[in-house]
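Here the structure comes first, spelled out in structure tokens, and everything after it is commentary.
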Amino acid sequence: MLKVLIRQPARRAGCLFSSEISSTNCRYQSNVKKFTQKPNIKIRRPRTAKQLAQEKFEEHLNSKNRFIRWGAIARSESFSKGLTKYLIASYILFLVYGIYFMKKLYAKEKELERLEEKSKSGEANEYELLRIKQLRGKLRRRDELKLASYEKMRENGTDSFDGITLDNNDQNKLNENILPARDTTEFYEGKAEEYDKGVNFEEKIIFMGSRRKWLMRHCEGDVLEVASGTGRNLKYLDANHINSITFLDSSEKMMEITYKKFKKMYPSFKKAAFVVGKAENLVDLAKANVPANDDKHSMEEITSVKSDTTKVKYDTIIETFGLCSHYDPVQSLKNFAALLKPEGRIILLEHGRGTYEFVNKILDDRAEKRLKTWGCRWNLDIGEILDDSELEIVDESRAHFGTTWCIVAKKKGSIKKKEEVGFFEKYFGSSIKKKLESMDAPSTQTPTEGKK
Ligand SMILES: C[S@@+](CC[C@H](N)C(=O)[O-])C[C@H]1O[C@@H](n2cnc3c(N)ncnc32)[C@H](O)[C@@H]1O
């Protein structure tokens with residue numbers, strides 16, 4: 001007798017399906033064959049891949065290892081359904097915020113444009129000029145103090161600031177922790193020999209090398225380095241990118257070190273000049289015919305051959321940690337602008353007051369010691385000096401709690417280079433802005449504007 005194990009017929013025969021079918025509760029008889037289930041034989045249903053995966057998944061869900069458990073939760077259906085909801089919600093939130101942000105930005109741009117037009121025609125009052133700086137994110141400490149006074153006046157009922165000018169709060173003059181400027185030539189004459197050894201460690205721990213590298217990357221064409229000191233930027237100079245280089249420092253001994261370093265590092269570069277003189281006298285120095293060859297000149301030598309016109313102009317003027325030791329840093333920067341070609345750039349790496357009060361307190365408390373040790377005023381408000389020099393800042397960034405100032409500046413009124421125009425300025429300063437303006441032009445036009 002042929003005995004066949006089959007499951008489906010067992011169901012068709014009305015038996016309760018179970019993985020175990022015994023001969024006692026199920027007997028199937030067909031027309032053709034008759035079989036009897038052998039007692040105690042277990043019939044195991046083979047599991048599908050899906051079932052196996054489900055079992056594994058459940059095992060992972062109950063795993064003691066939290067990472068396996070979290071992995072399983074992340075794969076679960078309920079989680080992915082929830083996730084979709086969260087994603088949609090955050091997308092909507094992002095959109096709403098984006099619209100709000102753009103609206104604010106647009107309003108800011110509009111206000112800035114209106115105020116700038118007023119400023120150009122000379123009609124802007126002091127408050128409006130400060131507001132322009134605020135909208136551009138370029139307020140200095142003294143400006144913040146002034147704006148606070150204006151806000152107080154507004155709270156007290158003043159609604160127009162026309163004709164009002166408040167006292168300047170110049171930090172570099174009024175803050176008694178900022179020591180008066182002085183001529184540091186003698187100091188650096190005595191410091192020259194030990195200078196490099198002394199600053200090496202300090203610069204290493206704050207990665208100043210990368211900032212110097214950043215500065216030197218900007219060098220092109222005819223370059224002037226002011227307050228070149230011991231030539232600490234030389235190792236980052238790419239001589240292939242420049243036409244000539246002139247070094248200026250008020251200390252002859254510091255210059256001597258730069259000279260020796262340069263000769264050693266760039267022996268075949270001929271268009272280099274080494275001038276001993278002060279940044280405050282730069283324009284006079286340039287009127288003299290300073291040859292851009294590898295010659296050293298003293299201030300006296302140069303002024304004796306002075307002519308009336310400025311013959312030398314530069315593509316790049318750089319200075320690192322020099323403003324803090326000049327006796328007139330504002331005049332020095334004005335001289336830089338006078339010697340800059342129209343397309344030229346001034347690149348500065350300076351140290352000064354930081355962004356946080358606790359940092360400034362440290363600088364203030366140690367200002368005297370610093371001056372004695374390094375001959376510099378490290379707590380100067382560099383922003384104030386820049387603003388007073390009337391240079392136009394193209395890029396300003398700060399590091400080390402705001403105490404390291406990295407500046408790219410240009411002559412006032414000269415055109416920005418393509419790569420210097422930022423994203424918002426590029427897209428909101430021209431095409432999109434114009435489109436938006438043309439869209440809302442009829443509604444915003446005032447009657448007087450209409451007459452124009
Ligand atoms: C702190 S050191 C900086 C040196 C160098 N630039 C550096 O990054 O290490 C300041 C330098 O500025 C020079 N210096 C000070 N007053 C100056 C002035 N009025 N004109 C030109 N150089 C000046 C000093 O002789 C000194 O070499």
Side-chain angles (χ1 to χ4, degrees), residues 100-178 329-330 333-334 337 352-357 360 380-396 398 402 405 407 409-413 416 422 424-425 428-429 433-434 436-437 440-452:
Y100 168 77
F101 178 78
M102 287 307 201
K103 264 183 103 173
K104 258 184 102 172
L105 200 76
Y106 181 61
K108 213 169 118 177
E109 272 289 314
K110 277 267 199 192
E111 185 185 355
L112 189 61
E113 202 165 288
R114 182 180 60 79
L115 292 175
E116 267 173 347
E117 249 163 49
K118 244 184 140 178
S119 158
K120 260 184 216 156
S121 60
E123 288 166 21
N125 59 38
E126 191 185 54
Y127 170 79
E128 286 165 333
L129 293 176
L130 285 170
R131 180 78 183 131
I132 291 177
K133 281 179 101 178
Q134 189 181 35
L135 288 168
R136 284 192 177 147
K138 290 199 175 138
L139 278 188
R140 310 298 179 197
R141 179 72 190 132
R142 64 179 175 191
D143 303 326
E144 284 168 4
L145 294 171
K146 256 190 188 181
L147 261 183
S149 305
Y150 276 114
E151 289 312 328
K152 246 190 199 149
M153 285 164 69
R154 195 197 293 283
E155 277 166 27
N156 293 336
T158 314
D159 50 6
S160 166
F161 299 127
D162 283 347
I164 298 177
T165 312
L166 300 180
D167 281 345
N168 240 0
N169 300 293
D170 290 347
Q171 295 300 291
N172 290 336
K173 288 184 192 135
L174 299 178
N175 185 339
E176 56 190 28
N177 294 305
I178 300 177
V330 174
L333 289 182
K334 283 184 175 169
R353 296 190 85 68
T355 323
Y356 306 100
E357 269 322 296
N360 290 335
L380 279 173
D381 190 322
I382 300 291
E384 222 172 69
I385 294 173
L386 286 166
D387 288 359
D388 288 345
S389 71
E390 288 163 13
L391 286 174
E392 222 171 277
I393 296 171
V394 176
D395 187 31
E396 177 180 322
R398 291 164 72 176
W405 297 63
I407 309 289
K410 64 181 183 71
K411 272 167 102 100
K412 216 168 197 171
K416 270 190 184 178
F424 285 110
E425 199 179 340
F428 291 89
K433 200 171 81 185
K434 272 180 195 148
L436 288 168
E437 264 174 5
D440 67 2
S443 56
T444 52
Q445 229 175 21
T446 62
T448 35
E449 275 169 347
K451 279 177 205 163
K452 276 184 198 171

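For the atom pair CD (E396) and CH2 (W405), the distance works out to 5.5 Å, reported to the nearest 0.5 Å. Between atom CG of residue L380 and atom CD1 of residue I385 there is a gap of 4.5 Å, rounded to the nearest 0.5 Å. R114 contributes atom CZ, which lies 10.0 Å from atom CD of E117 (distance to the nearest 0.5 angstrom). Going from atom CG of L145 over to atom CG of D167 covers 12.0 Å, rounded to the nearest 0.5 Å. Here the straight-line distance linking atom CG of L105 with atom CE of M102 works out to 6.5 Å at 0.5 Å rounding. Within the model, atoms OG1 of T158 and NZ of K152 stand 13.0 Å from one another, a figure rounded to the nearest 0.5 Å.
Between R141 and E144 a salt bridge is recorded (basic side-chain N to carboxylate O distance below 4.0 Å). Salt-bridge formation is detected for the pair E111/R131: a Lys NZ or Arg NE/NH1/NH2 atom is positioned less than 4.0 Å from an Asp or Glu carboxylate oxygen.
Of all heavy-atom pairs between G352 and I382, the closest is CA-CG1, 3.9 Å. Contact detail for E390 and K412: the closest heavy-atom pair is O-CD, 3.6 Å. Nearest approach of K138 to I393, heavy atoms of both residues: NZ-O, 3.6 Å. Annotation for L166 and M153: closest pair CD2-SD, 4.3 Å, computed over non-hydrogen atoms. Residues E384 and N169 share a closest heavy-atom pair of OE2-O, 4.2 Å. Of all the heavy atoms in I164 and Y150, the pair that sits closest is O-OH, 3.2 Å.
Summarising the local packing, CG of D162 is surrounded by more than 12 heavy atoms from other residues, nucleotides or ligands at distances under 6.0 Å. In this structure, K108 places its NZ atom where only 12 or fewer heavy-atom neighbours from other residues, nucleotides or ligands lie under 6.0 Å away. Within 6.0 Å of atom NZ in K173, 12 or fewer heavy atoms from other residues, nucleotides or ligands are found, so the atom counts as exposed in its surroundings.
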Exercise for the section: Under the side-chain contact (heavy atoms from CB on, under 4.5 Å) rule, what do Q134 and D143 come out as? Steps first, then yes or no, please. Expected result: CA-CA 9 Å; Q134 189 181 35; D143 303 326; over 6 Å; no
Practice task
Please lay out, stage by stage, how D381 and N172 fare under the test side chain to side chain donor-acceptor pair (under 3.5 Å).
Solution key: CA-CA 6 Å; D381 190 322; N172 290 336; 5.5 Å; no
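Among residues two or more places apart in sequence or in another chain, the side-chain hydrogen bond (donor to acceptor under 3.5 Å, both in side chains) test is passed with K118 by E128. Judged as a side-chain contact (heavy atoms from CB on, under 4.5 Å), and not counting sequence neighbours, the contacts of N168 are R142, K146, D170. Taking the side-chain hydrogen bond (donor to acceptor under 3.5 Å, both in side chains) definition, one finds that Q171 meets it with nothing, sequence neighbours left out. Scored by the side-chain contact (heavy atoms from CB on, under 4.5 Å) test, E116 finds L112, I132, R136 as partners (sequence neighbours excluded). Under the side-chain hydrogen bond (donor to acceptor under 3.5 Å, both in side chains) criterion, E392 pairs with K410, not counting sequence neighbours. In this view, E151 and Y127, R154 satisfy the side-chain contact (heavy atoms from CB on, under 4.5 Å) rule, not counting sequence neighbours.
Between the side chain of N360 and the backbone N or O of G354, at least one donor-acceptor pair lies under 3.5 Å. Within the 3.5 Å criterion, the main-chain N or O of A337 finds a donor-acceptor partner in the side chain of K411.
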